[in-house]
Amino acid sequence: MIDPKTSQGHTMGLMYWQIGDFWQAPTSSTVEYELKWKMAHYYVQNMYEFVYPLIVLQPYLANITDEKAQLSFYVVNELFTGVKGQLLCSLVPVDQFSVRLSFKFNVSIDFPTVQHVIDLPYSTIMRTAGCLNNSQCVLHCHLDNDKKFIEQTLFLTQPKNYELSQPNLRIEKLDKITSTDVNITLTATNPALFVWLDVPLNISGYFSENGFHMFQSMKFITFHSWAPMINLDKTDFDLRITSLFDTTQS
């Protein structure tokens with residue numbers, strides 16, 4: 001029961017099941033029994049954003065030869081104060097750090113609504129970008145407004161089908177800020193999808209981001225520990241890094 005003029009309905013809000021476990025088990029919770037965040041918990045944070053971009057490929061997983069397929073761009077606004085900014089999108093290859101094609105749109109929304117920004121022909125966009133098939137590129141967008149920088153990535157095929165190169169992920173630097181906080185500098189030689197950082201069992205905490213995508217050669221992440229960490233360095237921190245590339249090699 002949604003009023004199309006105001007986007008308001010009889011039931012407004014969002015809940016998800018479930019956040020935690022009462023005991024150790026393979027469950028649908030997003031936080032493990034010992035308080036380790038699963039990848040889902042990092043993505044859940046984005047569900048509660050008041051403003052975010054939404055990109056849809058219709059039909060889903062369309063072939064690049066489908067002349068009827070289209071990319072639809074939307075911006076969702078749940079603020080009564082309104083939003084102004086730019087939606088910037090780029091088609092990027094998954095085998096090297098570069099941009100095949102980029103475009104941007106001005107966005108201005110005065111009330112809570114879902115604004116349809118534009119439709120673009122999928123096959124034309126892919127040909128222009130030089131993406132010869134769905135497994136070579138992803139569409140990465142971000143909404144830049146005065147409130148927050150919000151990203152969204154559209155996969156044009158199933159992630160397992162992407163033609164990935166070895167990203168050579170490594171920890172470039174560890175900086176201990178406080179007894180519970182560490183800044184981590186990550187580097188890569190190629191794009192990496194679903195980069196996952198993991199700490200030893202004797203350390204419990206969470207990262208500022210995890211399960212993210214690297215479309216640039218350097219990324220800065222912060223780790224917050226629930227308890228003070230003593231004599232921290234690369235050796236005893238034992239940070240493990242994996243990505244989608246590693247799972248496709250097994």
**Report entry** V92 backbone acceptor or donor facing S90 side chain under 3.5 Å
**Finding:**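 No: the side chain of S90 does not pair with the backbone of V92.
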Query - K38 side-chain N/O to E32 backbone N/O, donor-acceptor pair under 3.5 Å - result: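 Here the side-chain-to-backbone pair does not exist.
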Can you name the closest pair of heavy atoms from [X] and [Y] and give their distance?
X	Y	answer
K84	S108	CE-OG, 3.5 Å
G211	M39	CA-CE, 3.8 Å
C137	L91	CB-CD2, 4.2 Å

Could you check whether the rings of [X] and [Y] sit parallel, tilted or perpendicular, using 30° and 60° as the cut-offs?
X	Y	answer
F194	F155	parallel
W37	H41	perpendicular
F215	H213	tilted

Going from [atom1] on [X] to [atom2] on [Y], what distance comes out if it is rounded to the nearest 0.5 angstrom?
X	Y	atom1	atom2	answer
L164	D246	CG	CG	10.0 Å
D238	D198	CG	CG	9.0 Å
Y60	L156	OH	CG	10.0 Å
I184	S208	CD1	OG	8.0 Å
S243	L197	OG	CG	10.5 Å
F73	H116	CZ	NE2	9.0 Å

Report task. For L154 and C141, run side chain to side chain contact (heavy atoms under 4.5 Å, CB included): C-alpha distance rounded to whole Å, both residues' side-chain angles, the deciding distance at 0.1 Å, then the answer. Result -> CA-CA 8 Å; L154 176 66; C141 296; over 6 Å; no
Query raised in the report: After noting the C-alpha distance and the side-chain angles of V195 and K219, does the key distance pass the side chain to side chain contact (heavy atoms under 4.5 Å, CB included) rule?
Result: CA-CA 11 Å; V195 178; K219 180 87 173 177; over 6 Å; no
Is it true that, when you exclude [X] itself, more than 12 heavy atoms of the residues, nucleotides or ligands shown sit nearer than 6.0 Å to its [atom1]?
X	atom1	answer
Y16	OH	yes
Q86	CD	yes
F50	CZ	no

**Report entry** I203 reachable from I177 in the ILVMFWY side-chain graph, under 4.5 Å edges
**Finding:** no
**Report entry** Verify same cluster id: Y33, V44 (apolar side-chain graph, 4.5 Å)
**Finding:**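 No, because Y33 and V44 fall into different hydrophobic clusters, even though each may have its own neighbours under 4.5 Å.
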Requested in this report: With side chain to side chain contact (heavy atoms under 4.5 Å, CB included) as the test, would you mind laying out the steps for E49 and V76 before giving the verdict?
Outcome: CA-CA 9 Å; E49 294 290 352; V76 180; over 6 Å; no
Query raised in the report: If you measure only the distance, is there a donor-acceptor pair under 3.5 Å linking the side chains of N190 and S165?
Result: no
**Report entry** No-hydrogen, no-angle side-chain donor-acceptor test under 3.5 Å, N161 and S135
**Finding:** no
Report task. Measure the shortest side-chain to side-chain distance between L79 and V51 over non-hydrogen atoms and say whether it is less than 4.5 angstrom. Result ->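 Of all side-chain heavy-atom pairs linking V51 with L79, at least one is under 4.5 Å.
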Report task. Find out whether Y52 and L143 are in side-chain contact, i.e. whether some heavy atom of one side chain is under 4.5 Å from a heavy atom of the other. Result -> no
Query raised in the report: Among V117, T113, V83, L54, whose side chain to side chain contact (heavy atoms under 4.5 Å, CB included) with V75 holds?
Result: V117
Query raised in the report: What do the steps show when you test Q152 against L87 for side chain to side chain contact (heavy atoms under 4.5 Å, CB included), and what is the final call?
Result: CA-CA 10 Å; Q152 182 75 272; L87 178 63; over 6 Å; no
